[in-house]
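Below is one structure; the comments refer to it alone.
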Amino acid sequence: MSDYPAVKISGLGFTYPSQSGSLFTDLNLEIQQGERFGLFGPNGAGKTTLMSLMTGLLPFNEGIIELNGQSIQTKDKKINQLFGYVPQDFSFYDELTPVENLEFFGAWSGLNTKQIKQRTAELLDVMNLTSVANKAVTKFSGGMKRRVNLAIGVIHQPKILFLDEPTVGVDVQTRHDILNYLLQLNKNGTTLIYTSHQLSEAEELCKRVAMIDNGKIVAHDDLDKLLVDHEQDGLEGLFLNLTGKNFSQS
Amino acid sequence: MKLWATIKKDVRILLRDKVGLTFMFAMPILLVLVVTAIQNNTFDLLSKNNISLLVSNKDTGRFSKEFMQTVDKLGMFKVVELPGKSNDEEVTTQLRNKDAVVAVIIPADFSVQLNERAKSITDKALSSFGLEGDSTAAKVNSTSALLMYYKPEIQSSFKLSIQSALTSALQMVQSRQVLKTLYFSINEKPLPDSLEDEMLNNRMAIDEKPLTRSDSKEIPNASQHNVPAWTIFAMFFIVISLGGSIVREKSSGSFIRLKTLPTSFLTALLSKQITYLVVTVLQAILIFLIGVWIFPYLSLPKLNMPSDILGLFIVTLVCGLCAVNYAICIGVLAKTQEQANGFGAVSIVILSVIGGLMVPSFAMPASFKGVMMLSPLHWCLKSYYVLFLEGGKLKDVIINILPLILITLVFQLITSIALQKKNLI
């Protein structure tokens with residue numbers, strides 16, 4: 001395992017070109033190797049933006065973001081091999097089958113033919129997609145599509161996995177399967193960086209959390225410690241306590 | 001490996017898009033068939049007695065009948081004689097109601113007038129020879145002329161062809177009469193039929209030979225003109241599917257993931273370039289084969305393939321590459337599929353008009369000739385015409401391929417700048 005933190009953000013400043021004020025000013029955050037880290041906050045707080053910055057999807061001018069000690073702003077695309085990204089929206093080709101999607105994204109992730117075949121078989125099995133492996137994804141249910149979305153994100157066995165609402169819109173059974181799989185990945189050394197509005201699920205998955213509100217980290221610590229410090233018995237209470245809002249207002 | 005996987009992905013998506021495939025292959029074939037059939041009919045119209053000519057003959061003399069027979073022999077008109085007593089209104093009503101574009105009214109004094117003209121010319125000629133004749137022969141008073149009605153929708157060039165044909169027929173009848181009168185005045189006996197025939201019909205032939213780079217005397221037909229032109233149009237019309245596909249890719253969720261993977265977006269564009277280049281070449285091969293094998297079954301002239309097949313393949317490849325790069329450029333610049341489709345389609349129509357696909361380049365106004373050079377379709381058409389119409393070889397089209405390659409490089413440069421500005425490479 002690397003000596004560097006999985007993610008290190010120092011003095012990050014970011015402004016959307018179309019907006020006047022800065023979303024992030026001098027933001028600092030460190031996520032250690034092998035952590036299960038949750039990023040929470042109300043809608044518009046900047047969770048997805050921060051994830052986009054950490055994965056290099058958005059460019060920034062101020063500060064540094066490092067993954068395993070390497071700047072995300074490097075021109076060397078090899079850094080992208082370090083992490084996997086599971087976006088909230090389905091990010092695959094509907095017209096293709098799960099096998100074809102995995103074959104394509106596996107190649108783009110830098111795997112060779114043999115590795116792709118092996119990983120495809122493993123993932124289809126783990127995600128319980130073997131029986132529909134050769135059917136076009138467009139005909140799949142929401143839960144099946146979520147599993148395909150996740151499988152693509154982990155095909156290259158990334159060291160860091162960014163998950164943006166990975167279980168949104170799925171049934172209890174599928175959510176359970178996905179969470180179990182993520183816990184298994186973490187046990188094998190993968191750092192999980194996760195964001196969701198499913199706070200009960202987050203309690204199950206995350207060991208450490210950061211609360212973001214209006215582009216600022218308002219709390220950042222072990223979940224258990226935060227609950228004790230703020231005299232809350234659950235993440236939902238902690239969330240409301242720290243952000244001062246309820247869900248309907250956000 | 002990455003490129004191959006991307007090509008496989010693009011091909012799979014393409015093959016599963018049945019509507020897109022139909023658009024790419026069936027529509028151009030239909031277009032080539034329809035345009036060639038119509039153009040072929042226009043060619044036949046002027047040469048196979050296909051123009052219906054309504055004639056109202058108010059004259060009872062022999063010259064009007066001779067005139068009608070001469071018009072019939074021209075091989076251009078299908079003469080439909082209306083009752084001689086028809087007035088102008090009845091003739092125009094008939095013209096409106098019938099499938100004809102021209103009507104001619106022969107005035108009642110046509111034969112008298114023609115005879116007087118012939119006599120007047122003869123007298124002047126005899127006088128100039130120093131023979132008995134009246135050099136001051138009275139000028140013939142033209143009381144009425146041959147009246148030609150035409151439908152306003154016919155093009156000027158077409159009207160001019162009809163007018164020239166009728167003038168030629170009139171000239172022949174008049175010349176014959178002048179000859180007969182002159183001969184009779186000198187010899188005091190009628191002109192023998194054999195001599196008349198020889199004098200009037202023994203003209204120097206006009207031997208047609210298209211400007212070619214080979215010894216071929218084959219006259220280009222509608223297929224030779226239309227198949228290459230509309231094949232180019234079809235190839236460039238790929239902007240609809242390819243441009244749209246790039247915009248779809250950019251706006252789809254999969255694109256976000258692609259940007260996080262250790263592969264450049266250029267791989268995706270290179271894959272599209274290769275996949276769609278193959279599509280354009282297949283389009284061309286299919287259309288050419290239909291021209292060769294299917295056209296004759298549809299009573300259309302067979303497409304004669306150029307002798308330099310390798311040259312044809314290379315020209316097709318360069319045209320396809322230019323078309324694909326144009327589509328990629330549009331796809332990268334456009335923000336929405338509507339933008340790509342709308343601008344793509346309209347721009348191809350404009351480029352084909354200024355490129356000479358719809359209006360021949362020689363007929364373009366001088367001010368457009370400079371603009372024409374900027375259209376890649378113009379260079380594609382010139383290259384194909386050298387091969388298909390002039391019997392040229394690859395070496396003869398290099399001069400047309402070079403500007404096409406230059407235009408392709410410009411498209412690539414614009415694409416590259418746009419990709420950098422959009423942070424995609």
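Lettering of chains follows the sequences in order, A, B, ..., and the numbering in each one begins at 1.
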Taking all non-hydrogen atoms of both residues, which atom of B/Phe265 and which atom of A/Trp108 are closest, and how far apart? CA-CH2, 4.3 Å
For a quick test of reading the model, state the closest non-hydrogen atom pair linking B/Arg257 to A/Ser91 and the distance between them. NE-O, 3.0 Å
Specify which of A/His156, A/Gln81, A/Glu100 makes the most heavy-atom pairs with chain B at under 4.5 Å. A/Glu100
Heavy atoms from other residues, nucleotides or ligands near CZ of B/Phe313 exceed 12 (cutoff 6.0 Å): no
Less than 4.5 Å to any heavy atom of chain B: does that hold for the side chain of A/Ser52, its backbone, both, or neither? neither
Atom pair OH/NZ of A/Tyr93 and B/Lys9 - distance to nearest 0.5 Å: 3.5 Å
Shorter than 4.5 Å, heavy atoms on both sides: which option in A/Thr113, A/Leu82, A/Ile152 has the most such pairs with chain B? A/Ile152
Tell me which of these, A/Val86, A/Leu96, A/Asp89, A/Asp94, has more heavy-atom pairs under 4.5 Å with chain B than the rest. A/Leu96
Assert top hit (heavy-atom pairs under 4.5 Å, partner chain A, pool B/Met1, B/Glu249, B/Lys2, B/Arg12) equals B/Arg12
If every non-hydrogen atom of B/Pro262 is compared with every non-hydrogen atom of A/Ser109, which pair is closest and at what distance? CG-O, 3.7 Å
For the residue pair B/Thr260 and A/Asn80, what are the closest heavy atoms and their distance? O-ND2, 3.0 Å
Taking atom CG of A/Asn61 as the centre, does the number of heavy atoms from other residues, nucleotides or ligands within less than 6.0 Å exceed 12? no
Counting only heavy atoms not in A/Lys145 (residues, nucleotides, ligands), do more than 12 fall under 6.0 Å from its NZ? yes
Where does B/Leu258 contact chain A at under 4.5 Å (heavy atoms): side chain, backbone, both or neither? both
If you count heavy-atom pairs under 4.5 Å with chain B, which of A/Ile79, A/Asn149, A/Asn101 comes out on top? A/Asn149
Considering only heavy atoms, which portion of A/Tyr85 lies under 4.5 Å from any heavy atom of chain B: side chain, backbone, both, or neither? both
Heavy atoms only: give me the nearest B/Arg16-A/Glu95 pair and the separation to one decimal. NH1-O, 3.0 Å
Heavy-atom distance under 4.5 Å to chain B: side chain of A/Leu111, backbone, both or neither? backbone
Over all heavy atoms of both residues, which pair between A/Lys77 and B/Leu261 is shortest? Give the atoms and the distance, please. NZ-O, 3.3 Å
Would you compute the distance between atom OG1 of B/Thr263 and atom CZ of A/Phe105 and round it to the nearest 0.5 angstrom? 11.0 Å
